[in-house]
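The structure under discussion appears below in the form of structure tokens.
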Amino acid sequence: MDNKPSLSQYFGGSEIPPASQFFDEIGTSPSDMIQSVYLGESEGSRTTAPSVFTSSTSATFSQPSTLDEVTFSNVVPTVSGTTSLPATSLPDPSTFFDTIGPEPTIGLTKPVTTTALTDAMDGLSIKNQPVDKDAERRRDAWIPNEEAKKTLMKAQSSPKGSFFPEREVLTMPGLVLEEELADALQEVAVKYLGVSCAGSRGVVRADHVTRDEPGLRELIRTGYFRAAVNLTAVLISAAGQGVGRMHRPTKHTPRSLQLWLTRFSLMLRIKLHEPLIREAEQFGDCTKPDMFYQFYPESYENRPGSLVPFSLRLLLAEIPGHVGKPDESMDRLYAMLDIIQQMLSNLRDGKTEDGSGLLSSEQDKAESIRLWMGRETRVYHSIVNCAIALKDYRHASNVLSSLEQACSTAGQKRAVCSALCRLALLAGHVTAARAHCRRATENRTHVCPTPDVREYVDLGLVAMAQGKYEDAYNDFVRAADQEPTNIMVANNISVCLLYMGRLKEAISVLQKAIKSDPERGLNESLLVNLCTLYELESSKTNEKKLNLLRMLCKYKSDTIPNVLECLKLA
């Protein structure tokens with residue numbers, strides 16, 4: 001191979017496919033054929049908030065994609081047919097809108113797309129017990145703009161039944177997709193393997209589960225994302241916001257907005273960008289008065305705050321970036337950041353988030369500041385990713401540096417230094433990357449006495465940037481020794497072997513990764529890489545690709561949105 005991996009910026013897939021997931025992954029493309037150096041997430045990451053750079057970075061041949069795949073063990077998948085999930089499997093009602101976890105740290109969490117989907121699943125529960133009022137207030141807090149405040153005051157002061165708002169102050173969403181989504185993998189299987197072979201694969205539809213939130217959670221858990229989108233349409237239509245209801249007045253509830261969050265997260269995951277944009281644009285920036293509890297005094301009495309889950313607000317701000325408009329996302333994110341910082345200022349002064357009252361206790365103050373500082377960090381992470389998409393590396397570096405100064409632990413500082421290392425690689429500053437890598441190592445020694453996967457991956461990336469593929473290979477192998485099932489590390493090893501001229505070994509590494517753990521190994525990035533290697537090895541690759549398709553039918557649901565692209569089937 002004549003082309004060396006270039007460290008030019010590649011921004012696309014999120015813990016999933018390539019350039020489709022704007023905010024989640026950062027990688028590089030050495031040539032038209034091979035993507036090398038993928039900055040993705042570690043396998044099995046399970047924390048709540050999204051991060052800019054995650055602990056496992058992978059070199060890949062093609063546009064990467066590494067989402068924590070939702071899988072099942074049976075050849076013919078099954079989901080609950082008439083029974084709901086047990087109550088013990090549902091989240092605590094306090095997580096109805098968002099998961100309120102510890103302050104997020106860079107590098108230890110899932111990409112934004114997965115985080116939104118996880119938050120959506122966590123919110124698909126029914127409020128069935130009292131929630132602490134302070135926790136409820138801080139979770140739902142948001143400051144309405146001046147125009148919205150006027151309408152909200154009018155709604156609260158008007159006699160019962162006498163308030164009739166103008167259409168201009170209403171949010172009027174509706175469904176765009178009229179037809180149900182089909183199982184994409186099943187369609188490909190029928191086309192390339194025949195009806196008899198495809199028929200052995202179990203196909204799950206929305207009507208195979210209960211038509212409620214537990215049924216929706218079950219479809220998501222088993223990876224039937226298209227069926228889950230279909231079920232969200234049923235549930236949203238029942239809430240009066242279905243097909244043909246766009247631009248018509250409607251009442252919003254926490255449940256209806258949680259369903260929209262789930263739908264948008266799923267549509268983004270399977271790359272239904274056009275209908276997603278059309279449905280999401282009706283919400284704007286969620287600042288209209290009917291997005292607040294005060295707009296419905298008869299239903300919520302004097303309850304303050306926003307009906308909108310924070311995860312939905314953040315996702316709506318990020319959506320333009322997924323379709324090539326990161327500058328628009330940047331503007332929306334900074335608008336969010338201004339309000340969050342205003343709320344934090346109020347909290348530090350001992351006031352409630354919107355400044356209208358006083359906090360009940362020092363504990364309430366501490367918990368509220370902790371929550372909103374965590375959410376502030378989530379927004380900063382997205383801003384960094386937008387800056388990288390715009391190739392504004394200086395801006396991204398400045399934001400990361402400010403986050404490093406705010407870190408309170410060596411582990412947090414280490415994660416930011418690692419992120420700065422990878423950012424420097426994207427910008428082509430290898431010397432700076434090495435310096436950041438050294439600082440990350442220094443901070444790591446305060447947490448762990450020996451190198452871990454993140455450190456070996458950072459070292460491997462720096463070595464690749466210097467053209468030292470054998471050194472990089474050795475670093476990635478050490479990472480694999482610590483995490484043998486890490487698919488992204490396997491991708492890194494395979495890339496190094498390719499550039500070392502050991503094509504058959506590169507293929508063997510990826511084949512072994514799939515064979516040892518097919519449910520996890522059969523993800524987009526690995527499939528594209530393996531099929532690319534097959535084509536480099538021989539022009540007669542069709543049967544090998546069809547074998548991969550058979551494995552997909554056996555082990556996967558419809559979580560992969562672009563099967564033909566992944567397998568490079570004509």
Side-chain angles (χ1 to χ4, degrees), residues 7 15 25-27 37-59 66 101-111 374 377 380-381 384 396-427 429-466 468 471-493 496:
L7 289 169
E15 52 180 328
E25 301 175 357
I26 302 167
V37 189
Y38 161 62
L39 308 180
E41 74 160 315
S42 62
E43 293 292 327
S45 175
R46 290 292 175 189
T47 44
T48 304
S51 73
V52 183
F53 298 89
T54 47
S55 59
S56 179
T57 302
S58 175
T66 63
E103 179 180 346
T105 57
I106 292 181
L108 302 177
T109 56
K110 294 182 291 183
T377 301
Y380 273 128
H381 290 172
V384 170
S397 179
N398 289 339
V399 174
L400 284 174
S401 296
S402 67
L403 288 175
E404 181 187 5
Q405 294 175 4
C407 289
S408 59
T409 67
Q412 292 174 346
K413 291 180 180 179
R414 180 274 181 93
V416 178
C417 289
S418 174
L420 284 165
C421 169
R422 301 178 189 191
L423 177 63
L425 291 176
L426 293 181
H429 300 316
V430 181
T431 301
R434 292 173 62 186
H436 289 308
C437 189
R438 285 194 296 270
R439 291 199 300 119
T441 298
E442 292 170 3
N443 282 293
R444 187 267 304 157
T445 58
H446 297 292
V447 180
C448 176
T450 57
D452 57 7
V453 172
R454 170 182 281 277
E455 184 165 327
Y456 284 131
V457 168
D458 287 348
L459 291 169
L461 292 174
V462 172
M464 287 192 72
Q466 296 173 305
K468 300 177 180 179
D471 290 345
Y473 169 79
N474 291 333
D475 287 323
F476 293 137
V477 166
R478 293 186 184 99
D481 289 340
Q482 293 192 14
E483 291 186 13
T485 61
N486 191 312
I487 298 301
M488 301 314 297
V489 171
N491 266 331
N492 285 341
I493 293 173
C496 290

To the closest 0.5 Å, what do you measure between [atom1] ([X]) and [atom2] ([Y])?
X      : Y      : atom1 : atom2 : answer
Asn491 : Cys496 : CG    : SG    : 11.0 Å
Asp481 : Asn486 : CG    : CG    : 12.0 Å
Phe476 : Leu459 : CZ    : CG    : 9.0 Å
Glu455 : Thr450 : CD    : OG1   : 9.0 Å
Leu426 : Cys421 : CG    : SG    : 10.0 Å
Met488 : Glu483 : CE    : CD    : 12.5 Å

Might you point out which heavy atoms bring [X] and [Y] nearest each other, and give the distance in Å?
X      : Y      : value
Val453 : Ala479 : CG2-O, 3.8 Å
His436 : Ala424 : CD2-CB, 4.3 Å
Gly460 : Ala472 : O-CB, 3.3 Å

Which residues satisfy the side chain to side chain contact (heavy atoms under 4.5 Å, CB included) test with [X], sequence neighbours excluded?
X      : result
Thr445 : none
Ala410 : Asn443, His446, Val447
Arg434 : Val430, Arg438, Val462, Gln466

Under the salt bridge (Lys or Arg N to Asp or Glu O under 4.0 Å) test, residues paired with Asp452 that sit two or more places apart: Arg414

Enumerate donor-acceptor pairs with a distance under 3.5 Å from any side-chain N or O in residues 399-406 to protein atoms, sequence neighbours excluded.
residue: Ser401; atom: OG; partner: Ser397; partner atom: O; Å: 2.9
residue: Ser402; atom: OG; partner: Val399; partner atom: O; Å: 2.6
residue: Glu404; atom: OE2; partner: Arg439; partner atom: NH1; Å: 2.5

SB check Arg478 Asp475 (cutoff 4.0 Å):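 Salt bridge: yes.
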
